[in-house]
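A short worksheet on the structure shown next.
Numbering of residues begins at 1 and proceeds along the displayed sequence.
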Amino acid sequence: MSTLTFLGAVGEVTGSCYLLEVDGEPRPHRLLLECGMHQGGRDVEGANAVPFGRLATELEAVVLSHGHLDHAGLLPKLVREGYRGPIHCTADTAELLEIMLVDAAFVMAKDLEWENRWRGRAGKPAIEPLYDEDDVALTLSLCEPHGLGRPVHLPGGVTLVFRDAGHILGSAIVELAIPSGGQQRRLVFSGDLGNPDSVLMKDPEKVYDADLVLMESTYGDRDHRPLAETLEEFAQVLEESHRDGGNVLIPAFAVGRTQEILYHLSVLYHQGRLRQQMVFLDSPMAIRVTELYARKRKSLDPEDLKVLNIAAHGDPGQYLPILRLTRTVEESMAINRIHGGAVIIAGAGMCNGGRIVHHFRYNLERPSTRLVIVGFQAEGTLGREIIDGAERVRVFGEDLAVKARVHTLGGFSAHAGQSDLIGWAGAFHGQPRFYLVHGEPGAQQALQAALDESGIEAEIPVYRQRIEL
């Protein structure tokens, strides 16, 4: 019998990784579904550093749902440890990975440079990076891009098909037809399912046939606020900030969320509801991703683009004329001289690094500042501390009072909410086995109970649990 082993994203949102062992002689064919990085506080560093061991050289293929680091961030580490097989992904994901992984290696090198200086002064040995830019280059050379809906033949007689997950550019639902015990078994992995209300992305595809389903549960405990209400609150926050003379800080994930926020700011600008005179996109990676989205317009929702084209009279350069792209450190530092009237979008999305943390130093203690949280904040991150009500936080060794007004706008989420997840799960014919992944325990348990009320049984796997297909 072919088997599946849960190696990550169990009881947590990040670290996606599943080992598929397919019937074969003299030994099973080993395929890896996802190779994600654990994200959150410093305690996840140990999990990311665990060697792949023999797996790195025994794997015959890797399948990737999309390019977010919690799904793909350890691919160069796998390659560094000896993997040389193909990495199957969608064509758009392959282009996105070039941006994501190069940036991850660069940030890692910078962080280690500072830490190793300290370790050297303390007489401690230097730490090696998980991977470097050479490992990333080799990783990218192994990527094999595919179109949606086209069968791909993998080792062991496995057939792969990607379906549109509607989450970010290139995101896919993964369908695998797998030989097991003389039968064909169909495994479907949701990847990250998109929020149907989100702009720019098309709605997630429904899948109807499966024997086993791995389904994300990030927001399994709640539905998102309707987008219209979220947009109205966003507009009010912007108006209040303008009235009070402060800045608006938006920690944004470089892929997906940033582009969505820019879209809504563009619409508000053309409606005359964006009073601020400056919008800064202060993230080199987010700038590159935004430029990629612009080149990949055919992959985006045409109805959403039509709204902008009408407002800007068909000129993409007029979508948001007050947008300023700050690529250099010097340009980023110059923003800190602006004490009001600016919208500052900067990474990292969970506030666990990046330029947004520098902007906290200059804005977090100002009551006129509005901090707008538009994405999921994992346990152990600075963003989670703030939305949980911390009155003081540590930033670069400084103790800062959180005097800014904090607004959490969940309606901007790029993930499906509970009702969307149940609707997607309910489309399957028959009664496939469901396993809930990519969720914190409370969210998973709430979704499990809600699915049960809909007549769908779902299990919550544990780390290294091995199941037969």
Side-chain angles (χ1 to χ4, degrees), residues 14 36-37 39-40 48 64 66-77 89 92-114 129-133 135-137 139-140 143 167-171 192 200-201 249-263 265 279-296 299-300 320 323-335 343-360 374-378 381-383 412 414:
T14 65
M37 182 177 281
Q39 295 174 305
N48 288 328
L64 198 62
H66 67 287
H68 270 148
L69 291 181
D70 60 324
H71 292 256
L74 290 186
L75 281 172
K77 179 174 181 285
C89 58
D92 288 346
T93 291
E95 292 197 48
L96 193 55
L97 281 176
E98 185 172 358
I99 299 171
M100 301 289 287
L101 297 180
V102 168
D103 183 83
F106 176 80
V107 171
M108 199 181 305
K110 283 292 184 184
D111 289 346
L112 277 186
E113 182 182 343
W114 283 101
L130 296 178
Y131 51 82
D132 58 27
E133 291 187 7
D135 301 315
V136 170
T139 301
L140 296 172
C143 288
H167 174 58
I168 63 168
L169 186 69
S171 61
D192 283 351
L200 298 178
M201 293 295 104
L249 302 185
I250 306 178
F253 298 89
V255 185
R257 200 65 44 84
T258 291
Q259 292 73 41
E260 183 175 3
I261 294 300
L262 288 174
Y263 177 94
L265 287 171
V279 174
F280 294 97
L281 179 51
D282 189 28
S283 163
M285 181 169 68
I287 292 169
R288 292 194 295 273
V289 173
T290 301
E291 291 169 342
L292 177 61
Y293 267 62
R295 295 196 302 272
K296 294 288 185 176
S299 298
L300 306 179
L320 187 56
L323 176 63
R324 303 183 185 187
L325 307 178
T326 53
R327 301 176 193 269
T328 69
V329 172
E330 292 74 20
E331 289 171 325
S332 177
M333 292 172 64
I335 298 172
V343 177
I344 304 165
I345 305 168
M350 296 186 190
C351 312
N352 54 333
R355 293 182 177 181
I356 192 67
V357 185
H358 291 274
H359 296 304
F360 280 178
V374 295
F376 185 83
Q377 306 296 307
T381 61
L382 178 57
F412 285 134

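Between P251 and G349 the shortest heavy-atom distance is CB-O, 3.8 Å. Across all their heavy atoms, Q377 and G383 have their closest contact at OE1-CA, 3.2 Å. Here the closest heavy-atom approach between residue D282 and residue H359 is recorded as OD2-NE2, 2.6 Å. Nearest heavy-atom pair across A252 and I345 is CB-CG2, 3.6 Å.
A salt bridge links K296 with E95; the closest basic N to acidic carboxylate O contact falls under 4.0 Å.
Taken to the nearest 0.5 Å, the CZ atom of F280 stands 7.5 Å off from the OG1 atom of T326. Taking CZ from F376 and CG from D70, the interatomic distance works out to 10.5 Å, rounded to the nearest 0.5 Å. Here CG of D132 is found 13.5 Å from CZ of F106. Values are rounded to the nearest 0.5 Å. To the nearest 0.5 angstrom, R257 atom CZ is 10.5 Å from I168 atom CD1. A distance of 4.5 Å separates CD1 in I261 from CZ in F412, rounded to the nearest 0.5 Å. The line from CE of M201 to OG of S171 is 7.0 Å long, rounded to the nearest 0.5 Å.
Contact check for Y131 versus V136: side-chain heavy atoms found under the 4.5 Å cut-off. Between E133 and L101, every side-chain heavy-atom pair lies at or beyond the 4.5 Å cut-off. At least one side-chain heavy atom of V255 sits under 4.5 Å from a side-chain heavy atom of H68. The shortest side-chain heavy-atom distance between Y263 and L320 does not fall under the 4.5 Å cut-off. No side-chain heavy atom of M37 sits less than 4.5 Å from a side-chain heavy atom of H71. Looking at heavy atoms from C-beta onward, L292 lies in side-chain contact with I99 at the 4.5 angstrom threshold. A 4.5 Å side-chain heavy-atom check between R288 and D103 finds at least one atom pair inside the cut-off. Side chains of L97 and L64 form a contact here, defined as non-hydrogen atoms less than 4.5 Å apart.
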Stepwise side-chain contact (heavy atoms from CB on, under 4.5 Å) check, L281 with I344: CA-CA 6 Å; L281 179 51; I344 304 165; over 6 Å; no
Determine, stepwise, if the pair I250 / V374 fulfils side-chain contact (heavy atoms from CB on, under 4.5 Å). CA-CA 7 Å; I250 306 178; V374 295; 4.0 Å; yes
Verdict with reasoning, N352 to T381, per side chain to side chain donor-acceptor pair (under 3.5 Å): CA-CA 6 Å; N352 54 333; T381 61; over 6 Å; no
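The closest donor-acceptor contact from the side chain of T93 to the backbone of H66 lies at 3.5 Å or more, if one exists at all. A donor-acceptor distance shorter than 3.5 angstrom exists from the side chain of T139 to the backbone of D135, with no hydrogens or angles considered. Checked by atom type and distance alone, the side chain of H167 pairs as donor or acceptor with a backbone atom of A414 at under 3.5 Å. The backbone N or O of A254 lies less than 3.5 Å from a partner atom in the side chain of Q259, making a donor-acceptor pair. In this structure, the side chain of Y293 engages the main chain of L169 through a donor-acceptor pair within 3.5 Å. When atom types are taken as modelled, the side chain of T290 and the backbone of T258 share no donor-acceptor pair closer than 3.5 angstrom. Judged by distance alone, the side chain of E331 and the main-chain N or O of R327 form a donor-acceptor pair under 3.5 Å.
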